[in-house]
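Presented below is the structure to which this report refers.
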Amino acid sequence: MAKQLYFYLTAIAAVAIIVVGAFVLMNLPKDYKYSVEKDGVRLVSNEKEISELLSSYRAADSFIISPRFVERGTENVYMLSSVTLFNTILIDKGKSVIVVARVLDENQNLASCRTNLGNAQTDKILDAKDCAILLEAEDSVVAMVSFPKDGASLGLVELSEGKISITPASFEDVGWASFVFLESLYPDAQDIIDRVNLIVQRL
């Protein structure tokens, strides 16, 4: 009887160790080939050096900025900060900017989007299929801004050829993660923002 009890306890302990080990592995920070940490945000890539990818973005003429939104909710207020920052800095640099606000359903699938099609006077609602086509544009750099992940201590900016994925550490850090990326892209980003703010104050 004692041997049987010992066997079952050992088996339970082994299963518990495996479960805990799997949980720890799943929650460890993902390793990337290239990684730079700046002001609480990690810029990472598995494709090329961070500096090389930033250089390729600077050479691009067109950007698609695609923050995630919900149909209704306070989250949208935070996500708007990324739109303002990207528009301010990229337009100052002479880039064409299209905003595509993604709305995801309860299963995290793309449901629809709203876009200005590069014109501040335009506000068009597209279905999931047309949104996906727009976001697959090969002639633009696509920057996706996502909701934060639970438990994240650092913002994460994943870089690849023609793609940028920004995941802030919290909703309060959406603007900060976007700014850190933009300042890495253009070191004079803060000067541009200050100049624009000064013009707005004078209006």
Side-chain angles (χ1 to χ4, degrees), residues 32-69 76-102 115-122 134-148 152-203:
Y32 293 89
K33 191 171 181 181
Y34 307 102
S35 178
V36 174
E37 187 176 326
K38 179 181 178 183
D39 298 326
V41 178
R42 285 182 73 206
L43 281 77
V44 300
S45 176
N46 279 324
E47 290 187 6
K48 294 180 179 178
E49 291 276 4
I50 305 299
S51 58
E52 191 175 346
L53 286 166
L54 291 174
S55 182
S56 72
Y57 302 152
R58 286 187 207 102
D61 295 320
S62 176
F63 284 75
I64 294 174
I65 311 308
S66 184
R68 178 182 170 183
F69 283 85
N76 294 346
V77 175
Y78 295 105
M79 302 308 286
L80 280 171
S81 62
S82 64
V83 176
T84 303
L85 285 165
F86 271 96
N87 268 323
T88 299
I89 292 166
L90 293 177
I91 289 174
D92 185 85
K93 293 296 182 179
K95 308 298 183 181
S96 169
V97 181
I98 297 172
V99 176
V100 180
R102 291 171 291 128
T115 178
N116 65 358
L117 296 174
N119 184 336
Q121 305 301 317
T122 300
L134 194 56
L135 292 171
E136 288 300 320
E138 294 184 359
D139 58 345
S140 298
V141 174
V142 179
M144 311 278 274
V145 186
S146 300
F147 284 0
S153 58
L154 296 173
L156 185 68
V157 181
E158 297 173 280
L159 309 179
S160 58
E161 199 70 53
K163 303 281 184 186
I164 303 154
S165 177
I166 299 175
T167 306
S170 67
F171 279 109
E172 290 78 7
D173 285 338
V174 172
W176 181 247
S178 300
F179 174 75
V180 170
F181 164 73
L182 287 163
E183 191 178 45
S184 299
L185 187 63
Y186 295 112
D188 62 340
Q190 186 61 59
D191 293 335
I192 294 170
I193 292 168
D194 291 342
R195 176 160 37 84
V196 171
N197 284 339
L198 189 60
I199 293 170
V200 171
Q201 288 170 12
R202 289 174 176 172
L203 294 178

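Computation of the quantities below employed the complete heavy-atom set of this structure, encompassing side-chain atoms and omitting hydrogens, waters and symmetry-equivalent molecules. Nothing fancy with the numbering, it's 1 onward along the sequence.
For Q190, the side-chain hydrogen bond (donor to acceptor under 3.5 Å, both in side chains) partners at least two apart in sequence or on another chain are D194. Residues passing the side-chain hydrogen bond (donor to acceptor under 3.5 Å, both in side chains) test with R58: none are found, sequence neighbours excluded. In terms of the side chain to side chain contact (heavy atoms under 4.5 Å, CB included) criterion, residue partners of T84 (sequence neighbours excluded) are, by chain and number, T88.
Between V44 and V157, the closest side-chain pair of non-hydrogen atoms is not below 4.5 Å. Taking 4.5 Å as the limit, some side-chain heavy atom of L43 sits within range of a side-chain heavy atom of S184. L135 places a side-chain heavy atom less than 4.5 Å from the side chain of V100. Proximity of I65 to L90: side-chain heavy atoms (C-beta onward) are separated by under 4.5 Å at one or more points. Looking only at side-chain heavy atoms (C-beta outward), L159 and F181 come within less than 4.5 Å of each other. No side-chain heavy atom of V77 sits under 4.5 Å from any side-chain heavy atom of F171.
For the atom pair N119 CG and S96 OG, the distance stands at 10.5 Å (nearest 0.5 Å). To the nearest 0.5 angstrom, L53 atom CG is 9.0 Å from I164 atom CD1. If you take CG on D191 and CD1 on I89, they are separated by 10.0 Å, rounding to the nearest 0.5 Å. Taking CD1 of I98 as the reference point, atom CZ of F63 lies at 12.0 Å (rounded to 0.5 Å). If you take CG on D173 and OG on S81, they are separated by 9.5 Å, rounding to the nearest 0.5 Å. For the atom pair OG (S62) and CG (D139), the distance works out to 6.0 Å, reported to the nearest 0.5 Å.
Although no hydrogens or angles enter the test, the distance criterion places no donor-acceptor pair under 3.5 Å between the side chain of S55 and the main chain of E52. In terms of modelled atom types and a separation under 3.5 Å, the side chain of S140 and the main chain of V142 share no donor-acceptor contact. Side-chain atoms of Y57 come within 3.5 Å of backbone N or O of K163 as a donor-acceptor pair. Judged by distance alone, the side chain of R102 and the main-chain N or O of V145 form a donor-acceptor pair under 3.5 Å. No donor-acceptor distance shorter than 3.5 angstrom exists from the side chain of T167 to the backbone of P148, with no hydrogens or angles considered. S45 places no side-chain N or O within donor-acceptor distance of the main-chain N or O of I50, the cut-off being under 3.5 Å. The closest donor-acceptor contact from the side chain of E47 to the backbone of E161 lies under 3.5 Å. Remark: side-chain polar atoms of W176 are not paired, donor with acceptor, to backbone N or O of V41 under 3.5 angstrom. A donor-acceptor pair under 3.5 Å is absent between the side-chain atoms of N116 and the main chain of T122, judged by distance alone.
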_Full working for side-chain contact (heavy atoms from CB on, under 4.5 Å) between I193 and N197_ = CA-CA 6 Å; I193 292 168; N197 284 339; 3.5 Å; yes
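Residue F86 forms a side-chain contact (heavy atoms from CB on, under 4.5 Å) with just one option from I64, I91, L182, and that option is L182.
Scanning both residues, S35 and R42, for their nearest heavy atoms gives OG-NH2, 3.2 Å. The nearest pair of heavy atoms linking R68 to F147 is O-CE1, 3.4 Å. Here the shortest heavy-atom pairing between K95 and Y186 reads CE-OH, 3.2 Å.
Ion pairing between D188 and K93 holds under the 4.0 Å rule for side-chain N and carboxylate O.
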